[in-house]
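Report on the following structure.
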Amino acid sequence: MRIFVEYALLGILLNFNGVLLDNLYTKSKTVVELISGTNRLRQIFTVNGAVLITSNITASNGVLHIIDRVMAPITSAKTVHDYILYPEIPSYSFSSINNASIVDLDLRQWTSETNRKFTVFLPNDGHLVSMPSYGQDRLFKDWYLIRKIYHAHTVLDTFSFIPSKGDIPKLTSMQGDITFHRENNRVYIKSNRVKALVIQANVPTVNGIIHVIDNLLYFIYMNIVQTIQKLPNTQTFKLYLERQSAVKSYLGSLNGTKTVFVPTDTAFAKLPSNKQQQFTNDLTYLSQILNNHILSSEVDEASLVNGQTFTTLSNKSITVIRKDQTFYLETEDMQIQVVETDIGCTNGVVHLIDNVILRKDYTVWEAITGNDQLIKMKSFMQNYNDLPALLNNAGVHVTVFLPFDYVMDDIPGSTLSSFSTNPDILYDALSGHIILGHTLATFNMSRKETFNTYGGHQLTTVFSKEEISVTGSYIKAGVIVRDILCSNGVIHIIDNLMHVATRNVLDEMKRHKEISVVSSFIGLYTMQMLQNILSDKDEDITIFVPVNNAFNDIPRSRADKFLMDSLLLERILQAHVVTSGSHLVEQLYAEQNLISVEDTIYIRKSNNTDQLKVHLHKPFFNIMFENEDFQDLSDASDEDMTVFVPSPSSLANITTNPSILTQLYLGHVLPGLKIDQKYLSKQKPKGAVNVTGNNITFSMTNQTIGYSIDVGYSNLRYYFNIISDGIACSNGIVYMIDGLLNFNNKTLIQEIQSDNSYLHAFNYMLRFWPSDSGKKLRQPDRHFTLFLPAAFVVDSLSKAAVDFLDSITEQEKEKFYARHVIEEHVLTIKDISQGWKMKNNVTAEYIDHEIFLKWNNTQSRIVHANILSSNGLIHIIDKLFIDLPEMPTTVSPKGTTKKSSHTNGNLCPLFLINDKRKHRIFVMYGISTQSM
């Protein structure tokens with residue numbers, strides 16, 4: 001297992017004293033760099049070259065920043081000057097650069113001063129002893145040249161680390177620019193067209209950063225021939241030069257400058273063996289081929305202008321094409337990539353290319369039969385007469401992706417035997433590697449394309465700066481040798497056989513580095529049963545494999561637990577394995593359940609917006625960690641819990657008042673119980689589940705669209721999907737809901753205004769209560785319990801009843817108000833049912849599972865209870881607490897007997913109606929039944 005949060009440099013921990021990322025940039029550029037562009041959202045911060053992954057994690061005693069690697073070596077207490085004399089990394093010595101420092105005693109002195117800053121590139125002595133005498137002679141005779149070289153390794157007034165990923169901006173040394181590029185996971189630098197490998201980056205000292213390199217920068221001391229002889233990947237060209245003394249002599253001459261486009265060793269290996277043999281047997285032909293690559297003047301990268309044409313010594317025309325920051329040489333309908341530019345020489349420049357410049361007078365089949373990496377593939381394809389004939393047809397253009405021999409050697413013997421007994425299987429696969437009608441060299445590739453193949457399958461190619469890959473029948477292959485150019489097409493050598501599965505799941509997993517953690521777990525001797533399942537050729541399985549980075553999110557204590565408990569680890573891994581068949585992603589459907597060896601896997605398909613919901617729990621937890629009870633419970637790894645997390649918008653106005661946090665904790669956290677699908681499936685009846693925790697009852701009701709959840713407040717009930725809205729944790733489960741369960745930011749009046757029927761009834765009651773009633777109820781710092789008649793109650797009042805209510809005295813209005821409003825008390829339906837003594841002779845009775853309130857001869861049923869507001873509760877009742885006279889006639893709910901001056905009917909205003917859809921309040925009028 002990886003260490004989940006990597007160690008930070010000791011000096012940073014001691015000196016930063018809890019510095020946020022924004023302050024790091026301004027306060028301490030000694031360790032923090034900003035790279036990659038000017039747009040703040042796209043900037044990459046690095047600390048000693050390590051990239052900041054997560055920043056500004058605040059703790060009670062500081063700030064945590066997570067980086068992508070260990071920062072090593074640790075900071076030396078020496079200055080740059082002293083480190084050059086006495087390096088602390090074994091096997092490194094820098095006596096050469098120290099000896100050279102005598103040419104600039106001021107700079108040498110500066111590197112010993114702690115108030116200065118440097119970035120220094122130091123060639124290791126072990127890599128300089130091989131310099132030939134002709135280089136040493138020239139170097140040590142030119143004092144001024146030594147000074148330039150010394151300056152080329154030094155950058156003043158900056159601490160520059162080399163980041164572990166991303167582009168690296170150029171630096172300006174005391175003698176020109178230093179540029180960087182990455183190649184095969186290594187970092188190379190170049191100064192004055194001299195290239196060096198960084199063999200140890202980011203050595204911090206008191207006053208500078210040291211990068212150890214394998215070559216002396218700036219100093220060009222080799223001619224073209226000597227350069228080709230030294231380069232590790234041009235040895236084939238070197239051998240051919242030895243056979244052509246005239247060409248070699250010309251390239252070694254200091255009489256004028258030249259340019260050579262040197263094919264790499266891989267480029268020559270792309271040629272059929274008979275073509276390579278021709279170079280050996282025919283020296284005249286060899287001379288022509290070599291001269292195809294030579295220009296009689298120096299053309300550096302800056303001179304490689306798009307569309308410009310050059311003529312080689314063999315009179316061949318070459319046109320430069322620049323595409324996506326890459327140079328190509330076009331000649332005879334071929335585009336050859338320049339893989340490296342500007343290797344400086346004393347008499348010119350060398351550029352490396354990935355193909356030999358010659359007329360491709362051989363077919364695809366001839367290239368296959370003459371390639372040492374495709375011997376096995378040739379023998380397989382010869383078993384099918386149409387394939388060689390097709391690939392040898394000069395009139396048909398093809399693109400072929402072929403696995404190299406190592407791939408075929410790696411296929412299990414049982415699978416190879418099945419190819420022999422059933423040759424159609426292999427033919428079906430091989431014919432699916434051939435695209436007709438296209439010469440798809442990398443120059444012509446788009447980012448992603450799909451093609452039909454000769455065998456009827458489809459191939460999808462993906463082209464990027466990092467890789468080229470091709471996928472057929474869900475089997476992906478990487479291109480390891482590209483662009484074997486032929487007269488009738490192109491071959492790409494790949495690392496996998498497509499269209500037919502040749503490895504079991506266990507072996508296939510070993511090929512993918514991004515899941516190596518799980519592969520290593522399954523490889524343990526205690527996982528024999530799981531190994532058997534994954535390698536059984538008679539099984540048909542699906543496995544969902546976590547990537548390596550998924551383990552970074554597991555708390556260390558939890559990781560230690562399953563690492564020490566092999567049975568638990570095996571159960572966890574088995575929960576990812578489905579033995580009921582091979583389920584491709586395209587075949588999965590929403591809400592599908594797959595039964596794994598250990599558990600059930602629920603399939604959910606969603607758009608990107610839905611997927612973001614899993615990130616919305618952070619605001620709630622940031623608030624709740626101010627509550628000690630929540631902290632204690634969440635830290636207890638051995639106690640289950642269920643948490644209902646409100647949306648961020650509902651938390652926008654929540655303060656961290658301790659009493660409010662306690663209220664939120666009680667109403668959203670259910671300790672001691674994990675309410676998951678397994679728990680709910682066991683409940684009877686399955687329609688509703690009531691669970692009590694912290695003296696609060698959580699009511700969950702199974703609805704068509706999912707479950708609804710509330711803690712007793714009828715206006716705060718929310719729906720969630722038990723599968724898609726749940727986030728499983730080691731000690732419980734989290735559900736995302738759209739609001740708060742036991743807290744409402746709306747005041748009592750605002751809650752009434754949010755429902756037209758409540759507002760309609762409330763306006764009626766204000767008419768019959770004392771004139772200051774509305775003002776009282778609008779006071780947010782007071783608390784109330786309001787028994788509000790339902791809208792149908794006031795709508796059913798007769799004209800005589802309305803007249804009677806309008807005529808009652810102020811004293812009767814006070815009593816009427818007091819029977820419906822309890823001031824300074826917030827009474828839930830539970831409080832009322834448990835015998836809370838109410839005022840003004842109103843009593844409560846519990847009859848047939850319902851609550852009735854009784855006053856005199858009036859018995860009113862609570863039809864809708866526990867409507868929560870920030871300063872009280874509302875209960876909707878079905879009777880008024882007042883004795884009305886016997887009056888049979890009723891009026892419309894929208895009218896009174898008061899006549900409007902604008903109509904002939906009995907029209908009256910019915911106060912305020914809140915239209916929520918149009919966000920406006922207006923006055924409604926109605927006509928009484930007597931006028932109709």
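Throughout, residue positions are numbered sequentially from 1 according to the sequence presented.
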Presence of salt bridge, [Y] and [X], under 4.0 angstrom:
| X | Y | result |
| --- | --- | --- |
| Glu508 | Arg511 | yes |
| Arg182 | Asp167 | no |
| Glu330 | Lys316 | no |
| Glu340 | Lys195 | yes |
| Lys248 | Glu242 | yes |

Looking at residues at least two apart in the chain, or sitting in another chain, which of them share a salt bridge (charged side-chain N to carboxylate O under 4.0 Å, His left out) with Lys190? none

Residue set satisfying salt bridge (charged side-chain N to carboxylate O under 4.0 Å, His left out) with Arg482, at least two apart, ordered chain then number -> none

Are any side-chain N or O atoms of Asp177 and backbone N or O atoms of Thr172, one a donor and one an acceptor, separated by less than 3.5 Å? no

Within the side chain of Gln335, is there an N or O that forms a donor-acceptor pair under 3.5 Å with the backbone of Thr331? no

Could you work out, with ring-ring contact (aromatic ring centres under 6.0 Å, His included) as the rule, every residue matching [X], not counting sequence neighbours?
| X | value |
| --- | --- |
| Phe451 | His438 |
| His512 | none |
| Tyr188 | His181 |
| His397 | none |

Going by side-chain hydrogen bond (donor to acceptor under 3.5 Å, both in side chains), name the pairs with one or both residues in residues 141-153, residues two or more places apart or in two chains. Asp104-His151

Applying side-chain hydrogen bond (donor to acceptor under 3.5 Å, both in side chains) as the test, list every pair that has at least one member in residues 262-272; sequence neighbours left out. Thr236-Asp265

Mind jotting down which residue pairs meet the salt bridge (charged side-chain N to carboxylate O under 4.0 Å, His left out) criterion with at least one end in residues 283-292? Sequence neighbours excluded, please. none

Is the Lys NZ or Arg CZ of Lys323 less than 6.0 Å from the centre of Phe443's six-membered ring, within 45° of the axis? yes

State whether a side-chain donor-acceptor pair under 3.5 Å links [X] with [Y].
| X | Y | value |
| --- | --- | --- |
| Gln458 | Asn452 | yes |
| Ser96 | Asp125 | yes |
| Thr312 | Ser314 | yes |

Tell me which pairs pass ring pair (Phe, Tyr, Trp, His ring centres under 6.0 Å) where either residue lies in residues 234-264, with sequence neighbours left out. Tyr240-Phe268, Tyr240-Phe279, Phe261-His351

Listing request: all ring pair (Phe, Tyr, Trp, His ring centres under 6.0 Å) pairs with a residue in residues 359-378, at least two apart in sequence or in separate chains. none

Just verifying a value: how many Å separate Leu251 CG and Asn347 CG, rounded to the nearest 0.5 Å? 7.5 Å

Aromatic contact between His457 and His433, with the criterion being ring centroids under 6.0 Å apart: yes or no? no

[X] versus [Y]: any side-chain heavy-atom pair under 4.5 Å?
| X | Y | answer |
| --- | --- | --- |
| Thr234 | Lys230 | no |
| Asn292 | Ile318 | no |
| Ile480 | Ile494 | no |

Tell me, please, which residues at least two apart from Val194 pass side-chain contact (heavy atoms from CB on, under 4.5 Å). Asn215, Ile220

